[in-house]
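There's a structure below that I have some questions on.
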2 protein chains.
Amino acid sequence: MDASDDGARGALTEEDAPSAAFADDGKNTIGSQLASRLREAIISGELEAGSKINLDRARKTFNVSLSPLREGLARLISDGLVEFQDNRGYRVAPISIGNLEEVTTLREELEVFALRESIRVGDVEWEGNIMRALHRLNRTERDAARPETLEYWETLHREFHLTLISGCGKPLLLHFCNLLLNLNDRYRRAFLVRTSGDRNVGQEHSEIAQGAVARDVEYACEKLRQHIHRTGTNLRNHLATKGVV
Amino acid sequence: MDASDDGARGALTEEDAPSAAFADDGKNTIGSQLASRLREAIISGELEAGSKINLDRARKTFNVSLSPLREGLARLISDGLVEFQDNRGYRVAPISIGNLEEVTTLREELEVFALRESIRVGDVEWEGNIMRALHRLNRTERDAARPETLEYWETLHREFHLTLISGCGKPLLLHFCNLLLNLNDRYRRAFLVRTSGDRNVGQEHSEIAQGAVARDVEYACEKLRQHIHRTGTNLRNHLATKGVV
DNA sequence: GCTTGACAGATAATCGATTATTCTCATATT
DNA sequence: AATATGAGAATAATCGATTATCTGTCAAGC
């Protein structure tokens with residue numbers, strides 16, 4: 001499941017890194033469960049970007065009372081997926097080309113920095129986790145005809161990117177990267193059914209991973225930067241096609 | 001007042017940048033007011049780092065009901081000042097040397113990047129705002145004997161740093177920097193009554209500001225980086241002295 | 001002596017009802 | 001015609017009470 005779905009929700013210092021399965025992954029309270037469901041609903045595009053969230057309607061849709069609903073929504077604010085204004089309620093964070101460009105730029109800056117740090121201080125276990133995540137990702141088919149494979153691929157893809165930087169030992173930085181990845185995934189799941197023909201994404205991932213475990217900082221970081229940049233460019237073109245400003 | 005105290009609380013895309021006074025700055029709801037009061041209480045050290053927040057006691061202390069109290073606390077989670085765990089409630093985010101070092105490192109990375117971008121795209125109004133913020137800061141006495149002057153100085157200092165990077169045109173980046181500045185200020189207000197003798201902080205600020213408005217990217221960025229780094233080093237020494245791990 | 005389990009008190013989470021605010025739209029006014 | 005006003009509906013915020021969960025203590029069993 002999504003690494004950010006841990007039942008134990010901390011603050012910015014929480015453990016955002018992907019980790020081995022939790023037998024009992026918490027999610028005890030209705031508020032927590034709602035946060036997960038809403039997060040998935042927003043990232044998957046089920047809830048339209050920019051739309052207002054009517055509390056009363058949402059209350060009925062999810063069969064919950066107001067308190068846990070507000071609780072869940074409040075958490076998504078820190079994820080950047082929901083906006084809030086006093087007395088005007090909540091709305092799904094809007095999307096825009098400007099926002100996508102900023103997310104891409106910051107990913108280039110922060111994820112690359114986190115990878116650099118990971119290569120510097122990451123241990124052997126970190127290396128192993130990368131190889132595992134890469135293998136699982138590249139062995140998974142991404143068939144546009146079957147949405148469930150797409151979602152599974154997204155999960156693994158996200159896991160791969162988080163694993164890459166999980167060795168850096170900087171919880172705050174990982175938190176920021178996690179947020180950015182969330183925001184980015186929303187764009188991809190909304191607009192990118194298939195990758196553009198001139199890319200071999202699987203090979204890109206392999207190159208990054210091999211550079212990382214070989215501790216070749218410059219190679220790995222440059223490959224990661226290009227990978228993020230290309231995705232950003234592709235997405236921007238798709239958005240422009242669909243008339244998003 | 002604190003720039004992050006806007007009544008209108010948005011998500012990560014909100015306007016975190018400092019701006020001229022709001023005649024009516026909102027803060028309509030009890031939840032919002034509480035968020036501000038609690039934020040100040042935590043940053044100023046009034047609420048001890050790492051301590052548990054008993055909801056019932058807090059409810060009585062602030063004379064509010066449970067719902068707005070939870071609302072206010074939830075917002076501080078996204079600020080990284082409060083941590084939360086299902087069924088175990090809220091606690092003030094702990095401090096540690098490790099966290100301080102990460103905050104410092106990320107400030108060096110992100111604030112410097114934001115300054116670089118600001119110098120690249122900032123307009124004349126941005127330049128003017130810097131000179132104004134610098135003037136107000138350097139004209140304000142920082143008298144350790146009078147706490148109210150310290151607090152006022154902190155406000156202006158924060159305003160100066162946010163103004164420096166306010167021209168970058170990247171709301172998400174500004175949000176991250178705002179969070180980091182919050183976390184950093186908590187350490188300073190707790191541990192740094194006076195700056196160490198070998199520094200002339202006023203001059204450091206002046207050099208950064210002059211470099212920025214002169215559009216000398218490398219000079220300004222290097223000065224800012226050193227400024228942040230020195231503060232980090234000073235704080236770490238103070239923490240170590242007081243036995244913080 | 002150590003572990004396990006039941007109990008009680010403390011604490012957090014949730015609910016349904018109430019109050020306050022904003023929004024809508026028809027009407028009045030310049 | 002454009003703008004201002006105000007009543008009523010829609011919606012958000014808050015409250016007090018109730019329910020669920022956890023934490024620490026102490027006794028029974030191994």
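Note on naming: letters A, B, ... go to the chains in the order of the sequence lines (proteins, then strands), and numbering restarts at 1 for each one.
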Report summary line: Distance col, row A/Leu173:CG vs B/Glu102:CD, nearest 0.5 angstrom, shows 6.5 Å
Query - Aromatic plane relationship, B/His157 with B/His161 - under 30° parallel, 30 to 60° tilted, over 60° perpendicular - result: perpendicular
Requested in this report: May I ask you to decide whether B/Glu117 forms a salt bridge with B/Lys170, counting only side-chain N to carboxylate O separations under 4.0 Å?
Outcome: yes
Query raised in the report: For A/Gln33 and D/dA20, what is the distance between atoms CD and P respectively, to the nearest whole Å?
Result: 14 Å
Report summary line: The bend of the helix from C/dG1-D/dC30 to C/dT30-D/dA1, taken between the axes of its five terminal pairs at each end and rounded to 10°, is 30°
Query - Derivation of the side-chain contact (heavy atoms from CB on, under 4.5 Å) call for A/Leu110 and B/Phe113 - result: CA-CA 11 Å; A/Leu110 291 185; B/Phe113 177 63; over 6 Å; no
**Report entry** Contact pattern, 5' to 3', of nucleotides 11-16 of chain D - B, S or - by protein heavy atom under 4.0 Å
**Finding:** SSSSBB
Report task. Could you tell me whether A/Glu40 and A/Arg189 make a salt bridge, using a distance below 4.0 angstrom between a side-chain N and a carboxylate O? Result -> yes
Query - Test item: A/Ser78 side-chain N/O and B/Ser78 main-chain N/O as donor-acceptor pair under 3.5 Å - result: no
Query raised in the report: Between CG of B/Leu69 and CG of B/Leu38, what distance do you get to the nearest 0.5 Å?
Result: 7.0 Å
Query raised in the report: Under 3.5 Å, side chain of B/Tyr187 to main-chain N/O of B/Ser96, donor-acceptor pair present?
Result: yes
